[in-house]
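The sequence lines fix the lettering, A, B, ..., with proteins before strands; numbering per chain opens at 1.
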Amino acid sequence: MSTQSATKPLSVENASELLRMEGVRKTFPGVVALDGVDFDLRRGEVHVLLGENGAGKSTLIKMLSGAHRPDGGRILVDGSPVRIHGAQDAERLGIATIYQEFNLVPDLSVAENIFLGRQPRRLGLIDRKTMNARAAELLARVGVDVSPTDRVRELGIARLQMVEIAKALSLDARVLIMDEPTAVLTTEEVDKLFRIVRALRADGVGIVFITHHLEEIAALGDRVTVLRDGRSVTQVPAATEQDELVRLMVGRSIEQQYPRERTAPAAGAAAATPLLKVEGLTRRGSFQDISFEVRAGEVVGLAGLVGAGRTEVVRAIFGADPYDSGTVRVLGKRLPGRDVNAAMDAGIGLVPEDRKGQGLVLDASVHENLGLVTLRRATRAGLVDRSGQRRAAARISEQLAVRMAGLDQRVRTLSGGNQQKVVIGKWLLADSKVLILDEPTRGIDVGAKVEIYQLINELTASGHAVLMISSDLPEVLGMSDRVLVMAQGRIAGELGAQEATQDAVMALAVKDIKGVTEDVKELEGSRGH
Amino acid sequence: NSSSGSSDIKVGLSVSTLNNPFFVQMKAGAQAEAKAAGVDLTVTDAQNDASQQANQMQNFLSQNVKSIIINPVDSDAASPSVKSANKADVPVVAADRGVTRGDIATTVASDNVAGGKLAAKTLAQQLGGKGTILVLQGTAGTSASRERGQGFAEGLKAYPDIKVVAKQPADFDRAKGLDVTTNLLQAHPKITGIFAENDEMALGAIKALGSKAGKSVKVVGFDGTPDGLKAVEAGTLAATVAQQPKELGKLAVKNAVALAKGKKVDPMVKVPVKVVTGK
Amino acid sequence: MATDTLKTSNAHQSPKAPGGSAVLRRVLLDNGALSALVVLVGVMSLMSGDFLTTQNLLNVGVQAAVTAILAFGVTFVIVSAGIDLSVGSVAALSATVLAWSATSQGLPVWLAVILAVGTGILCGLVSGALISFGKLPPFIATLAMLSIGRGLALVISQGSPIEIPESVARLGDTLGGWLPVPVIVMIAMGLITGAVLARTYSGRAMYAIGGNEEAARLSGIRVKRQKLVIYALSGGFAAIAGIVLASRLASAQPQAAVGYELDAIAAVVIGGASLSGGVGKASGTLIGALILAVLRNGLNLLSVSAFWQQVVIGVVIALAVLVDSLRRRA
Amino acid sequence: MATDTLKTSNAHQSPKAPGGSAVLRRVLLDNGALSALVVLVGVMSLMSGDFLTTQNLLNVGVQAAVTAILAFGVTFVIVSAGIDLSVGSVAALSATVLAWSATSQGLPVWLAVILAVGTGILCGLVSGALISFGKLPPFIATLAMLSIGRGLALVISQGSPIEIPESVARLGDTLGGWLPVPVIVMIAMGLITGAVLARTYSGRAMYAIGGNEEAARLSGIRVKRQKLVIYALSGGFAAIAGIVLASRLASAQPQAAVGYELDAIAAVVIGGASLSGGVGKASGTLIGALILAVLRNGLNLLSVSAFWQQVVIGVVIALAVLVDSLRRRA
Ligand SMILES: Nc1ncnc2c1ncn2[C@@H]1O[C@H](COP(=O)(O)OP(=O)(O)OP(=O)(O)O)[C@@H](O)[C@H]1O
Ligand SMILES: Nc1ncnc2c1ncn2[C@@H]1O[C@H](COP(=O)(O)OP(=O)(O)OP(=O)(O)O)[C@@H](O)[C@H]1O
Ligand SMILES: [Mg+2]
Ligand SMILES: [Mg+2]
């Protein structure tokens, strides 16, 4: 049982209490993830869980969803103790969960994923018509433009998140748990999501909300419980100052959230050599006529709405996907298309947006993952310098403050934010001339973000360049020297650091570029399959 | 077309398996005879699978062969195929093994059960009527293993002083014959004889015995394959019950061609087995 | 998780081309292996005059039947990202149980058939239990069952074939003098497989488990229970295949169907399923089984020498799937 | 990737207890299948007095050798999430090439050996090319190679065993009158496998490819090229296994090693590797092969009846892996 009486006075005995956790403990081999946590949720409130990466937020909510069983402590629903031993138990109790990591089946349709395990049936057989119709309603409600019959495999990461939200809504739950639902969403989707959440709150649903975007807390939340190192340190109202929240969470205050040190002054910028030069890059149905350059010492931001095609452009540049026409040059040398190794040899690196699918070998250790990109460099006469790799891994994980039991921990068992740090870490070790970051700080806590920004500063200071995609607009604005805005597969405009404001970027992002309508039609047509 | 050359006579031969040098030789004999007679012989390998053999028989009928030689994987299982050949008026010759039901024009065979008995007798003579022996069985459930084993057991009844101390399967395979014998020698180091249900296993056993083979331990095999005969000559294999696979194949084709030409043949053609011993 | 954006790009590549031939093209594209089968049939017809006759095509159907029925059962397993190596042995065991109980023990035929199918299902349940509760890898659990099933068939039959009752043997015959019963059984089992996969809760659960087992569990699917269902289905199908096989041979052979598991799995994979789970269809499996049967039949008709036959079979299997994989990229 | 961290977590469970038994416990925990082997050896020693003799244990070693060498090669493939069904055939083909070129064609022995190993590597390269460039599923590509390899072995040998040169046959003998050469070869190949997996670029790439192929590709590993290396290694190991097998028999058999692929895969999986890739060790594979060999040897010593033998083998395989899986949970 917990000795943290500090939280006790706040948890008023309340008739509207939906759920209560008392002294919940959970240990994993080598880690105490939760060490006597208290938490409660009332009807019609948004209760925010706040904490650093690895503080235990996801572990806590997994006790409620039936994904993990607590080692100690109690869970009460409507005042009576319950056991939640699996997804069925949670469903029966009216608890729906959106996990931090997607839980979708790639080769099934969107509708089927939404109703997975609960498909409407007629005469014992799946009733696809009803299922698709109900899925279409839900998708319209969350406001995402995917068809119920689309295969999930073909969706980008933001759409996956929206499908997860639709899936959770389909349960009509009394308790809705959302673990970092906004990490991959752009401002527009976040607004849609907030509207939905507020409506649910008005209907009396209790919502547990996890986020690393502090500005969302005041906008949406009612109460905040702060976790640190597996303990609930305090509970405060959502209106608490951001600086205070940071201090509670990290244990120190953070001076400057976006510490960009612009290395190349505006005058010198033009003179600096273009490290990366992209001209007329086109892939039919995806992106058209993409041209831009990135110069040494620069951070170039790539902004746009979900589906604008940013990910696809950078994957094409990196050689991960093919393109139809156009050229990519690094230091004047043209790269062959569809050849990752050529791109890497020329000095390009890519931190992909989908860490689980494309970034990590989940069942390998932290050490192995960190050494993956530099594996070839660490090889002499066919043999890998394992101890050298280990030293490098230890150094970078310390720099990024990866919270782990040790370098041999499996990456799968790291917290989401710490997994993301590993993906970034392996590319930081590679020392690329042009590092492309696709949603690099997704799920990373404020403290660690600053560390990553510092590392970006170090890179550019030493003459390297960074191309950064982020759906977190303040981050793009705060860190970029220039911002390129994409809309509907084209570059809609470029903004200098001074002119780049939220409004300016958004204006470009939603701009309907003339002549694009046909491409859009084509895109829509192809989606029919 | 009876007058002109018989080159347009098609004969089908379905061999139970070419996994075994015995049947490879039978096939060779058949092909030699077919060449001599100028007929078109199609050989298929059923890979010891009765249903694949049924498929191949069906396919022969689609090809309009004039007669079929079947070397059954299994005597019972071949019956339905033979019946359908009867329905299509295509005469069938059974080679090496009989077919339980259906009209077989002639069976060309050397008797496995009789061979087994002969093997028992031979081994007993080599051992002077007493001793302890091992039996290496073929693949469990195959007719060759069943019949040879049965014949051997029956034959051994006449020699009460010979005791079988272990009976283990080695799947007609030389490597398994070697391993199984090696293992059995640990438990029964004093044995004086081994009967292997084919020469391949016998050759494996000889390897396992090393210098003891042919001296303190007498090995009797079955089939009379070229390697087996060589071992007999070298004195490591005491004896093998030699069938004459080439002769068997030859006679089968001879009869099949006769049947294709509408001639009458004997319903039973025996290919003699003979015991080949060193001395 | 998934998202594998690799494949996204493919799906988007041929946005146009409607028209008349588009339907055929669509069918060919939709069912990968079909084009390979069409090519194979075309080549065989050109090379052998005996191939494209009604009788021979019916023969091909009969010859495909046992593999196809086994493969249908294996489709469930593979869709759910498992593997079943035991189907050949279970088929032999079930047929042996049928023949033994009806012929040696004198049970009524209907009871013997139920017993045989029950044996198959039981074997599947045991494999399934080892996999879900014992956490054995499917490869090991079903490899063990392969060995156990074969052994039990030998024990029961004492190593000798057993005759099967006349009424069951008629299953190997034709209806109305031309339509082979095995082909009817194969089609019926195919339809059942298609319906189970596409329309039932268990069928959809198979895709979910195969695609992302963790997601299936967190969505409330009782994964362990479904795995029991999956392997029981596979065992039941194997039993039916065993009965069809025995009926064709008029006897149950303890050594029947040795190695058929590889053929069955090959049929499923040739038909477009992936061994990593989540994809697969009954129609694809049927086509896969037909490809194998056409190949063996054609090689017999062409009188390819027995030694070369295996080489040719290997080459054609590789080519067939290559055609499919290249076509998919084109 | 490597380090089998599943086990790491276990290793953390007893952070204290540094005493003497802790080391043994650590070793047992670290290498799952080892406990199963220890139990099996214990039971066999109790049941048969002939089991625990030096000579018999050496026999077990010899009998494990061919499977183990094949399985080492297959370990590379399975770690990278592939499968190789062709190893038995490739072993037979390589041995046949050796015997044919040395005996029938009169080539010098060293050249014949190089030719044989080259044949194995070539077979592996063909499978690998079909998989990386043809995008065939490994199951299909290597199934095709299984058939092709066996067919070519039959074609070359005309279906009959061929004697091998005396100098090669000596490989099947003992050194110093007691140490069997096959055991030495097995240990050498095991050490090579361990070193390749743990220390080389290709080895680490295998774990990465098996764990997440897309992530490996995007991290700059040349996945296609590495797959060629992987299957070539498997083919080369199969060739060596084939030579050892032939040397023991003093002749190359075209039908040797039929079905050994399942034994080899079973050894790898019993040894703790996962067919979904990313995990596996040379030591585990060795133990897996030893478990199978001990089992067969013991059954012979105990004179279990032929019919029951397969049942017992199946049950023991399931139990062995069950012990491991239960122990891991405990
Ligand atoms: N299955 C597991 N095995 C071992 N350790 C685990 C496991 N799951 C979580 N952990 C550990 O528990 C701790 C808490 O993780 P959790 O996922 O709850 O963090 P979090 O607060 O959600 O962090 P983030 O903000 O990064 O998502 C971490 O140190 C993590 O490594
Ligand atoms: N409406 C749609 N329905 C289905 N798939 C779509 C749709 N729009 C885009 N896609 C596909 O989704 C994939 C990626 O979409 P995503 O949202 O990641 O686009 P992005 O602009 O590249 O990403 P982001 O801008 O969020 O970084 C692409 O393959 C794209 O073709
Ligand atoms: Mg988390
Ligand atoms: Mg994106």
Worksheet item: For D:Ala250, is it the side chain, the backbone, both, or neither that has a heavy atom closer than 4.5 Å to a heavy atom of chain B?
Response: both
Discussion item. Could you check whether any side-chain heavy atom of D:Gln310 comes within less than 4.5 Å of a side-chain heavy atom of B:Pro169, counting everything from C-beta outward?
Written reply: no
Worksheet item: How about D:Gln63 and B:Asn183: does a side-chain donor come under 3.5 Å of a side-chain acceptor?
Response: yes
Item to complete: Any chance you could measure B:Thr181, atom OG1, to D:Asn59, atom CG, to the nearest 0.5 Å?
Response: 11.0 Å
Worksheet entry | Which of D:Gly298, D:Ser251, D:Ser305 touches chain B most, by non-hydrogen pairs under 4.5 Å | D:Ser251
Practice prompt. Check each of D:Val62, D:Leu245, D:Leu249 against B:Leu178 using the side-chain contact (heavy atoms from CB on, under 4.5 Å) test, and report the only one that passes.
Written response: D:Leu249
Discussion item. Tell me the closest heavy-atom pair linking D:Ser160 and B:Val24, and the distance in Å.
Written reply: OG-CG1, 4.4 Å
Worksheet entry | Part of D:Glu163 within contact of chain B (heavy atom distance under 4.5 Å) | side chain
Worksheet item: With respect to chain D, which residue among B:Pro189, B:Ala187, B:Pro226 yields the maximal number of heavy-atom pairs within a distance under 4.5 Å?
Response: B:Ala187
Practice prompt. Output the option from D:Asn56, D:Val258, D:Leu154 having the highest count of non-hydrogen pairs under 4.5 Å with chain B.
Written response: D:Asn56
Discussion item. Is D:Ser48 in contact with chain B via its backbone, its side chain, both, or neither, using a 4.5 Å heavy-atom distance?
Written reply: neither
Practice prompt. Name the member of B:Ala140, B:Gly210, B:Pro21, B:Ala175 that forms the most heavy-atom pairs with chain D at distances under 4.5 Å.
Written response: B:Ala175
Practice prompt. Would you sort out whether D:Gln309 and B:Gln168 count as a side-chain contact (heavy atoms from CB on, under 4.5 Å), showing the intermediate values?
Written response: CA-CA 9 Å; D:Gln309 207 160 100; B:Gln168 288 282 285; 2.7 Å; yes
Discussion item. Measuring from atom CD of D:Gln255 to atom CZ of B:Arg174, what distance do you get when rounded to the nearest 0.5 angstrom?
Written reply: 13.0 Å
Worksheet item: Given side chains that start at C-beta, do those of B:Glu200 and D:Gln253 come closer than 4.5 Å, heavy atoms only?
Response: yes
Practice prompt. Please state whether the side chain, the backbone, both or neither of D:Arg150 comes within less than 4.5 Å of a heavy atom of chain B.
Written response: neither
Worksheet item: Do you know which of D:Val66, D:Val304, D:Leu302 has the most heavy-atom pairs under 4.5 Å to chain B?
Response: D:Val304
Worksheet item: Could you walk me through whether D:Arg248 and B:Asp179 pass the side-chain contact (heavy atoms from CB on, under 4.5 Å) check?
Response: CA-CA 10 Å; D:Arg248 290 190 59 210; B:Asp179 286 347; 2.7 Å; yes
Item to complete: Give a yes or no on whether B:Lys250 atom NZ has more than 12 heavy-atom contacts from other residues, nucleotides or ligands under 6.0 Å away.
Response: no
